[in-house]
Amino acid sequence: SCPFCGATDHDRLYALYLDELLAKKSGDGGIRIVDFAPVRCLSAFIRRKLQNHPGTYRTADLFMPNVDDKVDLMNMRIYRDGQFDFFICSHVLEHVPDDRKALRELFRITSPGGSGIVMVPIPLDVEEVDEDPSVTDEAERWRRFGQDDHVRLYSKKGFLERIRQVGFDVAEL
């Protein structure tokens, strides 16, 4: 991670992607972005970028302090259908008890033609999604899911299937 701002490699990749996206959208009347479980350095980058572009940026999380919206990813009724043109949901779904419900909600709040970044840890040697939200033993979660607060371990195939099942088109970058 960056010794100055704390950005990780994926934060820097998101920033590059968003920089290009905002350049394309600069004449479109603005972009509406929501960022779930925002990372401080990326959030600051987006806010700086939007100073020169029309648009809105919201941060959201169920547990984090200092976000714009307290929201459960599985039930985001505070947002209307198609409210956002772009979302960031990075390293969140592996924590959510019902990721399919969360993905349906992400699809619902995304405008027609909108897009987003969905990222989770995926060990490439894993063939099937392993999940069980009822597992509460810390050692068992580490063993099965790779972290004590995860409720599933995704396979690449399983993750992509879940995203497509709710209606998203997937571009793997």
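Just so it is clear, the values below take in all heavy atoms, side chains as well, and ignore hydrogens, waters and symmetry mates.
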Q: Apply side-chain contact (heavy atoms from CB on, under 4.5 Å) to residues Gln147 and Glu94 and explain how you reach the verdict.
A: CA-CA 10 Å; Gln147 198 165 308; Glu94 66 273 17; over 6 Å; no

Q: Can you give me the closest heavy-atom contact between Asp98 and Met74, atom names plus distance?
A: N-SD, 3.3 Å

Q: Any non-hydrogen side-chain atom of Leu22 less than 4.5 Å from a side-chain atom of Ile46?
A: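 Sidechains of Ile46 and Leu22: no contact.
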
Q: List the steps and the verdict of side-chain contact (heavy atoms from CB on, under 4.5 Å) for Leu106 and Val166.
A: CA-CA 9 Å; Leu106 286 170; Val166 301; over 6 Å; no

Q: Can you spot which of Asp130, Val120, Asp99 makes a side chain to side chain contact (heavy atoms under 4.5 Å, CB included) with Arg152?
A: Asp99

Q: Identify whether the distance between the nearest side-chain nitrogen and carboxylate oxygen of Asp81 and Arg108 falls below 4.0 Å.
A: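 A salt bridge links Asp81 with Arg108.
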
Q: Is there a chain of hydrophobic side chains (I, L, V, M, F, W, Y, each step under 4.5 Å between heavy atoms) that links Leu42 to Ile33?
A: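 In one cluster: yes.
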
Q: Take Glu105 and Arg77 through the test side-chain contact (heavy atoms from CB on, under 4.5 Å) and record every step on the way to the result.
A: CA-CA 9 Å; Glu105 280 290 276; Arg77 292 294 162 204; 3.7 Å; yes

Q: Taking the six-membered ring for Trp, are Phe87 and Phe168 parallel (under 30°), tilted (30 to 60°) or perpendicular (over 60°)?
A: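 Judged by the thresholds at 30° and 60°, the geometry between Phe87 and Phe168 is tilted.
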
Q: Do Val170 and Leu173 share a hydrophobic cluster (ILVMFWY, side-chain heavy atoms under 4.5 Å, transitive)?
A: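 No, no single cluster joins them.
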
Q: Is it true that, when you exclude Lys70 itself, more than 12 heavy atoms of the residues, nucleotides or ligands shown sit nearer than 6.0 Å to its NZ?
A: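 Atom NZ in Lys70 is packed in, count exceeds 12.
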
Q: Heavy-atom distance under 4.5 Å between the side chains of Arg162 and Arg100, does that happen here?
A: yes

Q: With heavy-atom distances below 4.5 Å as the criterion, would you say the side chains of Phe86 and Ile117 are in contact?
A: yes

Q: Is any side-chain heavy atom of Ile163 closer than 4.5 Å to one of Leu103?
A: yes

Q: Do you know which two heavy atoms are closest between Pro38 and Tyr57, and how far apart they sit?
A: CB-OH, 4.2 Å

Q: Pick from Gln83, Met76, Arg58: which one makes a side chain to side chain contact (heavy atoms under 4.5 Å, CB included) with Val34?
A: Arg58

Q: Evaluate the side-chain contact (heavy atoms from CB on, under 4.5 Å) criterion for residues Arg47 and Leu50: first the C-alpha distance (whole Å), next the side-chain angles of each, then the deciding distance (0.1 Å), finally the verdict.
A: CA-CA 5 Å; Arg47 289 187 195 284; Leu50 285 179; 6.0 Å; no

Q: Would you say Lys156 and Val126 make side-chain contact, with heavy atoms under 4.5 Å?
A: no

Q: Please check if Val129 and Val96 belong to a single hydrophobic cluster, counting links between Ile, Leu, Val, Met, Phe, Trp and Tyr side chain heavy atoms closer than 4.5 Å.
A: yes

Q: Is the CG atom of Asp149 crowded by more than 12 outside heavy atoms at less than 6.0 Å?
A: yes

Q: State, with a plain yes or no, whether a side-chain heavy atom of Tyr154 is found less than 4.5 Å away from one of Leu93.
A: yes

Q: Evaluate the side-chain proximity of Asp137 to Arg144: yes if any heavy-atom separation is below 4.5 Å, no if none is.
A: no

Q: Any salt bridge between Asp19 and Lys49, counting N to O under 4.0 Å?
A: yes

Q: Please check if Met64 and Val92 belong to a single hydrophobic cluster, counting links between Ile, Leu, Val, Met, Phe, Trp and Tyr side chain heavy atoms closer than 4.5 Å.
A: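 In one cluster: no.
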
Q: So, the side chain of Thr59 versus the backbone of Asp68: is there a donor-acceptor pair under 3.5 Å, distance only?
A: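 Yes, the answer is positive, given that a donor and an acceptor are paired below the 3.5 Å cut-off.
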
Q: Do Arg143 and Glu140 sit within salt-bridge range, that is, some charged N less than 4.0 Å from a carboxylate O?
A: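 Glu140 and Arg143: salt-bridged.
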
